[in-house]
Amino acid sequence: MLTLHELEAWSFPGTALAVLGHPITHSLSPLMHNSALANLALTEPAYGDWRYFRFDVPPADLPQALATLYVRGFRGINLTVPHKILALNEVTLIDPAALPVGAINTLRHTQEGWMGFNTDGYGLATAVQESLGLKIRDRPVVLLGAGGAARGAAVECLQRHCASLWIANRTAETLAALLADLRPIAHGIPLHGFAPGHVPADLPADALVINATSSGMRADDAPPANLSDLPRPAGVFDMIYNPPLTPLLQAARNLHLPQANGLAMLVHQGAKALEIWSGVAAARTAPMMAAALQSTN
Ligand code: NAP
C-alpha cells in the first residue's frame, strides 16, 4: 500500500492500475485483479506486466493523486469510499450511463483526461442474476437504503425496466431527495418511498429485496427491514459481504427465501472495470476473480 507522498517518488515500468480509498487496507480488489491478470498472462503474455496497486488517499488529496497518476500513465483507477462522488469533479469525460447515478467507481486513461464510469450497477444486476437466478426486468424491487450504493442500485433497476421500485430509508429527508432525483428517469415505472416500519398495503409479492444500507456490517445490527412484514419476496440480496451472513440474510434463511450476499457484486463490478481498461470480456475474468476470493476463505 502506498500514500500520495510515496507516489511522488514511485515508478513502475509496466501497465499500472490502482484502487484509491481511505481507508484502503482491507480492499480485496488488488487480490482479485492481480489474480485475473496473472491468469490472463498464461495465454496472453502482454498481460504479464500489468499490475494493480492500492493507494491510501484522503479526500483532500484526491485531485492531486488523480493528476499525478494520470501523468504517470496509469491506465485505470478504481475508486472506493469516500471518493466515488468527489471524483466527478476530476474527470474530463463521463460515461452517459453514470450521469444519473452521480457517482463513479472506475476511471479510464484517455488522451483528453480521465473518463469516469460506474460499474456497481452492472455488478449488482449480474450478481442478482447469477446468485438468485432473478432478472430485474419486469420484477418489483424493494430497495433498502438511500445512500450512494442505493442510488446506483435504483438507477440500474430503472434502466433495466423493473416493474416497480419501492425504496425504504430510515431518514425521510434522504429518501425524499433520492426520489426527487429518480422521478425524471423513471419514465412511467411506479416509484414509491416508505419508512421501514410502515410497509405500503399495495406492495406486491415476488419482489426482489436489495439491502443497500450499511446496517448488517456488525453482527449486532438490527436487520434494516422486517422481512415478515413484506408480502413473500422472490429473493433477498444483501450488498454487504463481510460478514457473509448478515442479520437480514439470516432472517431470509429462516423464512426459506433465496438469499445471497454482496461478494458476487464485488467480483462483477471488478470484472467490468477490467473490461473497460483491457477490452477483455467481464464474463471471462469474473470466474478468475471469484476463485481468487474463494482461495482466501
Ligand atoms: P452510505 O452512502 O453511507 O449510505 C448508508 C445507507 O445505510 C443510508 O441509507 C443509511 O440511512 C443506511 N443506514 C446506515 N445505518 C443504518 C441503520 N443502523 N439502520 C438502517 N439504515 C441504516 O453507504 P453506501 O456507500 O451507500 O454503502 C452501503 C452499503 O453497501 C455498505 O455496507 C457497503 O459496503 C455496501 N456496498 C457493497 C458493494 C459491493 O460491491 N458488494 C458496493 C457498494 C456498496 P440514513 O439515510 O437513514 O442514514
Side-chain angles (χ1 to χ4, degrees), residues 19 21-24 26-29 31-33 59 78-87 98 101-106 117-128 130-132 142-157 166-182 193-198 209-227 229 236-249 251 259-274 282 286 289-290 293:
V19 59
H22 186 69
I24 196 65
H26 299 295
S27 173
L28 295 169
S29 295
L31 169 70
M32 281 190 339
H33 283 273
N78 274 147
L79 300 158
T80 184
V81 178
H83 299 313
K84 291 186 188 184
I85 296 170
L86 297 170
V101 182
I104 47 181
N105 73 336
T106 301
F117 299 81
N118 194 318
T119 69
D120 280 337
Y122 166 86
L124 170 69
T126 310
V128 163
E130 178 183 270
S131 47
L132 296 175
V142 175
L143 179 60
L144 309 174
R151 194 166 271 270
V155 170
E156 190 71 21
C157 290
W166 308 72
I167 308 180
N169 195 52
R170 182 180 61 174
T171 306
E173 292 77 18
T174 324
L175 174 60
L178 175 57
L179 291 170
D181 287 348
L182 292 175
F194 65 100
H198 297 85
V209 176
I210 300 172
N211 179 31
T213 77
S214 41
S215 181
M217 296 179 82
R218 287 179 311 229
D220 58 351
D221 279 345
N226 186 350
L227 292 176
D229 290 349
V236 180
F237 186 88
D238 199 325
M239 288 195 193
I240 295 170
Y241 52 84
N242 188 14
L245 188 65
T246 62
L248 184 74
L249 294 182
Q259 43 89 15
N261 69 32
L263 201 63
M265 176 177 171
L266 179 74
V267 164
H268 289 293
Q269 64 76 29
K272 193 66 174 176
L274 188 53
M289 294 187 178
L293 294 184

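We're numbering straight along the sequence, starting at 1. Every value quoted in this text rests on a predicted model; they were computed, and no experiment measured them. Just follow the structure's listing: the first ligand is 1, and inside any ligand the first atom is 1.
Considering backbone and side-chain atoms together, G148 places an N or O closer than 3.5 Å to an N or O of ligand 1. Residue T171 has at least one nitrogen or oxygen atom sitting less than 3.5 Å from a nitrogen or oxygen atom of ligand 1, judged on distance alone. At least one N or O atom of A146 sits closer than 3.5 Å to an N or O atom of ligand 1. Any N or O atom pair closer than 3.5 Å counts here, and S214 shares at least one such pair with ligand 1. Residue contacts with ligand 1: G145 is placed with no nitrogen or oxygen under 3.5 Å of a nitrogen or oxygen of the ligand (distance criterion only). Taking any N or O of N169, backbone or side chain, at least one lies under 3.5 Å from an N or O belonging to ligand 1. Residue M265 has no nitrogen or oxygen atom sitting less than 3.5 Å from a nitrogen or oxygen atom of ligand 1, judged on distance alone. For ligand 1, the polar-atom distance check against V81 finds no nitrogen or oxygen pair separated by under 3.5 Å. On a distance-only criterion, D120 and ligand 1 share no N/O pair closer than 3.5 Å.
Across A149, G123, P82, heavy-atom proximity to atom 44 (C) of ligand 1 is greatest for A149. Proximity annotation for atom 34 (O) of ligand 1: of E173, M217, H268, M217 comes nearest, heavy atoms only.
At the shortest separation from atom 19 (N) of ligand 1 among protein heavy atoms lies S215 CB, 3.7 Å. Ranking protein heavy atoms by distance to atom 41 (N) of ligand 1, first place goes to M239 O, 2.9 Å. The protein non-hydrogen atom at the shortest distance from atom 22 (C) of ligand 1 is R170 CZ, 3.8 Å. The shortest contact between atom 6 (C) of ligand 1 and any protein heavy atom is with T213 CA, 3.8 Å.
Put simply, no part of D221 is less than 4.0 Å from ligand 1, judged by heavy atoms. Look at A212 and you'll find a heavy atom under 4.0 Å from some atom of ligand 1.
Side chain of D120 to main chain of G152: no donor-acceptor pair is present (N/O by atom type, distance under 3.5 Å, no hydrogens or angles). Panel note: side chain N78, backbone N105; a donor-acceptor pair is recorded below 3.5 Å. Under the 3.5 Å distance criterion, the side-chain polar atoms of N118 are left unmatched by any main-chain donor or acceptor of A98.
Per-atom contact check: atom 3 (O) of ligand 1 does not touch the protein, criterion being a heavy-atom distance below 4.0 Å. In this structure, atom 29 (C) of ligand 1 has protein heavy atoms in its sub-4.0 angstrom surroundings.
Only the side chain of I240 comes within contact range of ligand 1, with a heavy atom under 4.0 Å; no backbone atom does.
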